[in-house]
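Take a look at the structure below.
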Amino acid sequence: MDSLSQIVLGGALAAAVAPAGHRRAALLAGAALGTLPDLDSFVMLPLGLDPVAMMTWHRGPSHSLLVLLPLAFLVWAGFRALGGRVAESPGRWFAAIALALVTHPILDAFTVYGTQLWWPIPVSPAMWSSLFIIDPLYTLPLLVACVLAWSWREREAARKALVVGLALSTAYIGWSLTAKWLVDRQAERTLATMGLQEAPRFSVPMPFNTLLWRVVVMTPDGFLEGERSLVADSGPMVFRKYSSDTESLARVGEFPAVQRLLWFNHAFVKAEVRDRQLVLSDLRMGAEPDYTFRFVVAERDGVGWREIPPKQISWPWEASRRLSQMWNRIWEAPPAPEADGAATQAAR
């Protein structure tokens, strides 16, 4: 999630469990600890890593529960040894420190990016993908709670505001999981009629909301993409079919950067050739034809491919137009497909 969400989540949790007289200090400490794991990006900058490594090591060791829990103990023990507030109420402060740290990667795991909760155990990153990376409806209750708690300080109303803010934000996560289940259920029904019920797929909310969802389904020669509005849509989903150069992708599958990328994003990749270069786009973030992460990983070498240092590229896309279309799509269902419609055509 975005930094503001992590700051207010860490601050709200720490202030809710710390003693009332320590509330402001806990808000500041929780905010700092809540954003601490994301500082790994700054640590990696001087290391000269290629963009694939930068992407796939972010949310790595600094987001591992196996790292953060011992770190919480070390931070707590260090401040307890110094005396002061932590020594006055060690139990509550340990809970405040631990919660502010470990909830950061857990919240991140609800997005689609990929969070390595169990590093260094080599399991695929968690991408529960029920929240967009920025979602005001999740963040706002926590932000209001932190502001009220800072103003009301030791008053009982401050604790109640924090509890309500945390309850509302947690309930919103629960709603996002319910919405995802509804979308996945309808996608599975539609794909079953197309013989693709076992195809790898993912669903993810579109930017800033949980009412409009995007579903991507991998096929042997490319992928399908469709949207589902929980407000406007009814009946089977409609998918559009897109091609991917799966043959070239298979030929570069032994390249370390490609292996790393496919492991990180669960192989949700589009491959295409541009100017004799092989470009891999991460299908999880963006929508056809615009994606956040695109990497050149190889160049033509006769009839084959030559490995090159990965480089990230982008090309222009009309963000304002796409966001406007997304907003309208929440409230308006697409035109009904013809008898030989998109959903049927995509299965061929």
Side-chain angles (χ1 to χ4, degrees), residues 1-39 62-65 67-111 115 117 128 130-131 133-178 210:
M1 294 289 284
D2 62 285
S3 295
L4 178 60
S5 297
Q6 298 288 7
I7 287 170
V8 293
L9 174 60
L13 282 166
V17 300
H22 300 171
R23 190 160 286 141
R24 279 193 169 182
L27 278 168
L28 294 174
L33 292 169
T35 196
L36 181 64
D38 278 342
L39 297 182
S62 70
H63 286 60
S64 170
L65 298 178
V67 172
L68 291 177
L69 283 171
L71 177 62
F73 176 79
L74 292 175
V75 171
W76 170 80
F79 278 97
R80 185 184 184 187
L82 294 175
R85 296 183 181 91
V86 176
E88 291 174 16
S89 185
R92 288 197 178 191
W93 269 101
F94 178 76
I97 292 168
L99 285 171
L101 281 173
V102 303
T103 54
H104 179 119
I106 292 173
L107 180 60
D108 276 348
F110 283 99
T111 71
T115 306
L117 292 176
W128 303 332
S130 70
L131 293 174
I133 291 174
I134 301 174
D135 193 322
L137 290 182
Y138 173 81
T139 309
L140 187 59
L142 294 171
L143 178 60
V144 172
C146 287
V147 171
L148 292 176
W150 181 269
S151 300
W152 292 340
R153 304 182 68 168
E154 294 90 353
R155 291 166 56 184
E156 176 63 14
R159 187 190 66 82
K160 291 181 178 178
L162 291 166
V163 171
V164 170
L166 288 165
L168 289 175
S169 63
T170 302
Y172 187 73
I173 292 178
W175 152 249
S176 75
L177 292 170
T178 302
T210 51

Quiz item: CG of Leu101 to CG of Leu33: how many Å apart, nearest 0.5 Å?
Solution: 4.5 Å

Expected list for residues 5-19: side-chain donor-acceptor pairs under 3.5 angstrom, two or more places apart:
| from | atom 1 | to | atom 2 | distance (Å) |
| --- | --- | --- | --- | --- |
| Ser5 | OG | Asp2 | OD1 | 2.7 |
| Ser5 | OG | Asp2 | OD2 | 3.4 |
| Ser5 | OG | Thr139 | OG1 | 2.5 |
| Gln6 | NE2 | His104 | O | 3.2 |
| Gln6 | NE2 | Asp108 | OD1 | 2.9 |

Exercise. Search all heavy atoms of Thr103 against all heavy atoms of Leu99 and return the closest pair with its distance.
Key: OG1-O, 2.5 Å

Self-check item: From Ile173 atom CD1 to Asp135 atom CG, the distance as rounded to the nearest 0.5 Å
Solution: 10.0 Å

Exercise. Spell out, as yes or no, whether a donor-acceptor pair under 3.5 Å connects the side chain of Trp76 to the backbone of Pro90.
Key: yes

Self-check item: CA sep, side-chain torsions, deciding dist, call: Glu88, His22, side chain to side chain contact (heavy atoms under 4.5 Å, CB included)
Solution: CA-CA 10 Å; Glu88 291 174 16; His22 300 171; 3.1 Å; yes

Quiz item: Rounded to the nearest 0.5 Å, how far apart are CG of Leu137 and CH2 of Trp175?
Solution: 11.0 Å

Quiz item: Any donor-acceptor pair under 3.5 Å linking the side chain of Ser89 with the backbone of Arg85?
Solution: no

Quiz item: Can you check side chain to side chain contact (heavy atoms under 4.5 Å, CB included) on Phe110 and Thr115, steps first, answer last?
Solution: CA-CA 9 Å; Phe110 283 99; Thr115 306; over 6 Å; no

Exercise. Could you check if a side-chain atom of Leu68 sits within less than 4.5 angstrom of a side-chain atom of Leu71, using non-hydrogen atoms only?
Key: yes

Distance-only criterion, 3.5 Å: show the donor-acceptor pairs between side-chain atoms of residues 150-157 and protein atoms not counting sequence neighbours.
| from | atom 1 | to | atom 2 | distance (Å) |
| --- | --- | --- | --- | --- |
| Ser151 | OG | Val147 | O | 3.1 |
| Glu156 | OE1 | Arg159 | NE | 3.4 |
| Glu156 | OE2 | Arg159 | NE | 2.8 |
| Glu156 | OE2 | Arg159 | NH2 | 2.4 |

Quiz item: In terms of the angle between their ring planes, are Tyr172 and Tyr138 parallel, tilted or perpendicular, with boundaries placed at 30° and 60°?
Solution: tilted

Practice problem: Find the distance between OG (Ser3) and CD1 (Ile133) and round it off to the nearest 0.5 Å. | Solution: 11.0 Å

Practice problem: Report the C-alpha distance between Ser62 and Leu39 in whole Å, list the side-chain angles of each, state the deciding distance to 0.1 Å, and finish with yes or no for side chain to side chain contact (heavy atoms under 4.5 Å, CB included). | Solution: CA-CA 8 Å; Ser62 70; Leu39 297 182; over 6 Å; no

Quiz prompt | Ala29 to Trp93 - nearest heavy-atom pair and separation | solution = CB-CZ3, 4.1 Å

Self-check item: Atom of Leu142, atom of Gly165 and distance for their closest heavy-atom approach
Solution: CD2-O, 3.7 Å

Quiz item: Stepwise, does the side chain to side chain contact (heavy atoms under 4.5 Å, CB included) test hold for Leu131 with Leu107?
Solution: CA-CA 9 Å; Leu131 293 174; Leu107 180 60; 4.1 Å; yes

Self-check item: Pairwise distance CD1(Ile97) to CG(Leu69) - rounded to 0.5 angstrom
Solution: 12.5 Å

